[in-house]
Amino acid sequence: MVTKQMIKLSKQLLLDLSSLKYTQDDSVNLQPEYRDYKKCSANCPFYKNKDVSLFCQKECVFVLSTSSLIKPRENILTYTQIKQLLYYNSTVFENNGITIELSHKDVAKAINCSERTARDNINALVKAGYIVISSYNDNKYKVFIRDYHKYHENGNRGHLYLSNKCFKALIKIDNINTLRLALVGLVRLDDMRASKDKNPSKELSYKALINLLPSNITCPKQIVKIFTKAKELFKMTFKDESISISFNKDIDSLAYAKSLNKNNKKALSKFLKRFELTVTNKDKEDLLQMSIQYNIHIVTKAFNYIKDKNPDELGSYLRTVIRNNFNSLISC
């Protein structure tokens with residue numbers, strides 16, 4: 001199956017997916033003086049036992065903290081559910097949040113899980129409010145990704161683009177905590193790029209990263225071991241109090257986009273010359289944009305579906321042809 005070469009993802013979605021399974025329980029009605037977790041100690045029996053039915057006495061040297069009281073986050077996703085949601089985003093070729101036609105077999109192969117898991121994951125993603133699924137047709141279905149049009153609304157962080165190579169490296173990660181840190185790393189580096197830094201690097205403190213991981217991960221040595229598994233994505237320098245990360249050269253989506261633009265432009269020029277097609281500069285730009293949005297192979301194959309090789313507006317005409325025959329073209 002032909003895949004998208006530049007994949008659009010919500011930054012806020014990536015940060016949400018990197019969050020922990022448990023969060024601080026703010027529902028407990030503690031008096032303000034008991035909420036100063038900085039004064040709390042693991043030696044305090046109330047802290048250790050998570051017992052909120054008894055309040056510390058005023059003379060107690062410790063202060064009970066809600067940071068020791070946790071509750072499950074709602075609609076938390078498992079490892080394969082996160083990867084399945086990311087994969088759905090990679091199959092949206094139009095800017096409408098709707099995926100191509102998929103099967104459980106397609107998804108299972110893409111994220112390396114069983115077909116049963118791929119099928120079961122759909123219900124969890126629907127329940128969590130991330131997607132709406134179409135009815136099945138010959139075991140094929142499409143997914144509508146909710147909030148796809150809201151990446152830049154108030155409270156959201158916009159979007160980023162991942163190259164197909166970067167995305168595949170991300171999906172290959174086989175550790176949930178590594179995946180969680182990798183998602184954060186991608187967002188932070190893109191934030192640096194938004195500030196016009198052409199070759200961004202980002203310092204991530206061990207303290208901040210520990211807060212993203214389960215409670216049994218408490219030291220930099222563990223963080224290093226976890227993050228090293230994402231070495232295909234990032235260059236890493238491990239320091240005393242932080243990790244400095246930057247994109248690997250062949251993974252950097254900005255560099256990939258420039259290379260893709262250059263290569264597709266050259267390939268389209270050869271294609272048009274070989275078939276003796278005369279097109280305007282506007283048509284050339286339209287064809288180049290389509291080759292990046294869809295895939296250059298889809299664009300060139302689409303010429304087999306048109307009768308008039310030289311319409312007045314080749315770009316607009318060919319885009320309509322691609323949309324009308326997309327299922328056939330994507331499976332070529």
key: salt bridge (Lys or Arg N to Asp or Glu O under 4.0 Å), paired with D250, selected from K235, K168, K165   = K165
query = Linking I/L/V/M/F/W/Y whenever their side-chain heavy atoms sit closer than 4.5 Å, directly or via other members, would V321 and F93 fall into one cluster?
reply = yes
inquiry  = Taking F144 as the starting point, is it possible to reach I122 by hopping between hydrophobic residues whose side chains are less than 4.5 Å apart?
reply    = no
Do [X] and [Y] pair up side chain to side chain, a donor and an acceptor below 3.5 Å, judged on atom types alone?
{"X": "T117", "Y": "D120", "value": "no"}
{"X": "E94", "Y": "Q293", "value": "yes"}
{"X": "N112", "Y": "K83", "value": "no"}
{"X": "Q84", "Y": "N121", "value": "yes"}
{"X": "N281", "Y": "E285", "value": "no"}
{"X": "S328", "Y": "N325", "value": "no"}

query = Do the ring planes of H104 and Y141 sit parallel (below 30°), tilted (30 to 60°) or perpendicular (above 60°)?
reply = tilted
query = Relative to each other, are the rings of Y294 and F326 parallel, tilted or perpendicular (30° and 60° limits)?
reply = tilted
query = Given side chains that start at C-beta, do those of K202 and L204 come closer than 4.5 Å, heavy atoms only?
reply = yes
key: Of I173, L162, N248, the residue whose pairing with L233 passes side chain to side chain contact (heavy atoms under 4.5 Å, CB included)   = I173
message = Among S269, S259, S291, which residue satisfies the side chain to side chain donor-acceptor pair (under 3.5 Å) criterion with N264?
response = S291
query = Do other residues, nucleotides or ligands put more than 12 heavy atoms under 6.0 Å from D240 CG?
reply = no
query = Are the aromatic rings of F303 and F271 close, with centres under 6.0 Å apart?
reply = yes
